Amino acid sequence: QLGNGHNAVVFFGDGATNEGGFWESINAASLFKLPVFFVCEDNGWAVHTPPSATQGFLSLEEVARLFDCHFFTDDSNDVESIYNLTRDAKALSDGDQKPVLMHIKCCRYLEHVGIYEDWNLGYRSEAERDEWFAKDSLRVQRQRLLNLGKAEDEIVKIETEIDDSIRRSVERAAQSPIPETERLYYGVFHETH
């Protein structure tokens with residue numbers, strides 16, 4: 001621990017909870033009271049496999065609560081709800097240095113890896129996607145801004161600025177040189193420079 005008041009944060013999918021490395025990490029963080037945030041983005045699929053075929057437990061929460069850590073869950077798909085949950089978790093972890101496991105339910109709109117839809121594979125239903133899309137986080141937040149009195153043209157301006165920033169970033173990345181091999185190790189461990 002560096003003792004700087006910061007938390008380490010790791011994001012992973014629910015399929016990772018089927019692996020020993022996940023449980024070993026939760027165990028070590030709980031044992032040594034490490035201020036680590038484990039954020040599980042649970043879309044209900046380990047690639048194309050449902051939890052019923054890969055997990056010998058029925059509830060991640062029930063198992064996780066056996067460790068000396070804080071557990072939070074959210075299935076709202078609402079960025080403000082998740083933000084407030086995270087603030088609460090941070091306050092608890094700052095107080096006792098226990099790790100936090102956040103179980104965030106979500107939906108994967110596209111295939112496991114790539115930019116295409118995969119509904120034709122038949123392992124999940126478009127109806128499930130439609131239910132999640134009705135409460136899509138961007139859609140919910142956009143409506144919230146409208147309800148708060150933000151004008152449509154102001155929102156469109158913000159959306160356009162974000163789209164332009166993403167486009168410029170993609171173009172810059174495509175034009176950048178391939179990084180040196182040593183760059184693979186940058187940010188993996190604490191650096192002093």
Side-chain angles (χ1 to χ4, degrees), residues 1-114 118 121 123-125 127-141 144 185 187-190:
Q1 288 183 338
L2 300 176
N4 60 12
H6 296 166
N7 298 84
V9 181
V10 60
F11 289 85
F12 52 91
D14 50 298
T17 65
N18 304 330
E19 302 294 328
F22 165 75
W23 295 107
E24 291 168 12
S25 298
I26 287 283
N27 183 57
S30 297
L31 180 64
F32 297 115
K33 295 202 180 304
L34 301 176
V36 180
F37 272 56
F38 296 91
V39 183
C40 177
E41 298 174 308
D42 183 352
N43 63 29
W45 297 97
V47 186
H48 299 145
T49 309
S52 60
T54 60
Q55 295 176 345
F57 55 90
L58 299 178
S59 167
L60 179 62
E61 180 174 3
E62 287 179 19
V63 178
R65 288 201 184 274
L66 297 174
F67 292 90
D68 193 16
C69 69
H70 299 293
F71 185 90
F72 292 85
T73 189
D74 188 285
D75 66 356
S76 69
N77 213 34
D78 179 348
V79 295
E80 290 190 22
S81 173
I82 295 168
Y83 172 78
N84 290 326
L85 193 72
T86 304
R87 282 183 35 194
D88 293 345
K90 173 96 170 101
L92 278 174
S93 182
D94 285 351
D96 59 18
Q97 294 299 293
K98 291 181 182 180
V100 172
L101 173 54
M102 298 186 75
H103 184 221
I104 309 299
K105 295 289 287 178
C106 59
C107 179
R108 185 179 81 217
Y109 294 144
L110 300 176
E111 61 190 329
H112 176 66
V113 176
D118 64 353
L121 298 179
Y123 70 95
R124 59 189 187 137
S125 73
E128 176 189 345
R129 184 261 334 257
D130 293 344
E131 287 176 29
W132 278 97
F133 196 68
K135 62 178 186 176
D136 179 77
S137 56
L138 295 176
R139 179 180 286 184
V140 167
Q141 196 62 17
R144 183 175 284 132
Y185 302 104
V188 175
F189 302 102
H190 173 71

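Predicted model only: the values in this text are computed from it and were never measured.
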Go through the steps for Asp96 and Lys33 under the test side-chain contact (heavy atoms from CB on, under 4.5 Å), then give the verdict. CA-CA 8 Å; Asp96 59 18; Lys33 295 202 180 304; over 6 Å; no
Regarding His103 and Asp14, do their side chains bring together a donor and an acceptor under 3.5 Å, going by distance alone? no
For the student: nearest non-hydrogen atoms of Thr17 and Phe12, plus distance: CG2-CE1, 4.1 Å
Which atoms form the tightest heavy-atom contact between Gln141 and Glu80, and what is the distance? NE2-OE2, 2.9 Å
Taking Asp88 for the side chain and Leu85 for the main chain, is one N or O donor matched with an acceptor at less than 3.5 Å? no
Output yes when Asp68 and Lys98 qualify as a salt bridge under the 4.0 Å nitrogen-oxygen rule, no when they do not. yes
Do the non-hydrogen side-chain atoms of Arg87 and Asn84 ever get within less than 4.5 Å of each other? yes
Run the side-chain contact (heavy atoms from CB on, under 4.5 Å) test on Asp42 and Cys106 for me, step by step, so that the C-alpha distance in whole Å, both residues' side-chain angles and the decisive distance to 0.1 Å come before the verdict. CA-CA 6 Å; Asp42 183 352; Cys106 59; 5.7 Å; no
Would you say the side chain of Glu41 lies within less than 4.5 Å of the side chain of Phe11, judging by non-hydrogen atoms? yes
Could you check Thr73 against Glu61 for side chain to side chain donor-acceptor pair (under 3.5 Å), going step by step and ending with a plain yes or no? CA-CA 8 Å; Thr73 189; Glu61 180 174 3; 5.8 Å; no
Where do Tyr109 and Asp136 land on the side-chain contact (heavy atoms from CB on, under 4.5 Å) test, with the steps shown first? CA-CA 10 Å; Tyr109 294 144; Asp136 179 77; 2.8 Å; yes
Within-4.5 Å side-chain heavy-atom neighbours: Phe133 and Arg139: yes
Charged N-O contact under 4.0 Å between Lys135 and Asp78: no
Is it the case that Ser81 and Asp74 place a side-chain donor and acceptor less than 3.5 Å from each other? yes
Is there a side-chain contact (heavy atoms from CB on, under 4.5 Å) between Leu92 and Phe72? Walk through the geometry before answering. CA-CA 11 Å; Leu92 278 174; Phe72 292 85; 3.6 Å; yes
State, with a plain yes or no, whether a side-chain heavy atom of Asn7 is found less than 4.5 Å away from one of Ser93. yes
Nearest-0.5 Å distance, CZ of residue Arg144 to OG of residue Ser137: 10.5 Å
Kindly indicate whether the side chain of Val100, heavy atoms from C-beta on, has any atom under 4.5 Å from the side chain of Phe38. no
Rounded distance (nearest 0.5 Å) linking atom CG of Leu110 with atom CZ of Arg108: 9.0 Å
Just verifying a value: how many Å separate Phe37 CZ and His70 NE2, rounded to the nearest 0.5 Å? 9.0 Å
Surrounding CG of Leu66 (heavy atoms of other residues, nucleotides or ligands, distance under 6.0 Å), is the total greater than 12? yes
Check: Leu34 and Gln97 side chains under 4.5 Å, non-hydrogen atoms: no
Aromatic contact, Trp45 with Tyr123 (centres under 6.0 Å): yes
Roughly how far, to the nearest 0.5 Å, is the CG atom of Asn77 from the SG atom of Cys107? 8.5 Å
Would you name the heavy atoms of Ser30 and Phe67 that are closest together and state the gap between them? OG-CB, 3.6 Å
Atom pair OG/CD1 of Ser76 and Ile82 - distance to nearest 0.5 Å: 5.0 Å
Can you tell if the side chain of Leu101 reaches within under 4.5 Å of the side chain of Phe22, non-hydrogen atoms only? yes
Answer whether the closest heavy-atom distance between the side chains of Val39 and Val9 falls below 4.5 Å. yes
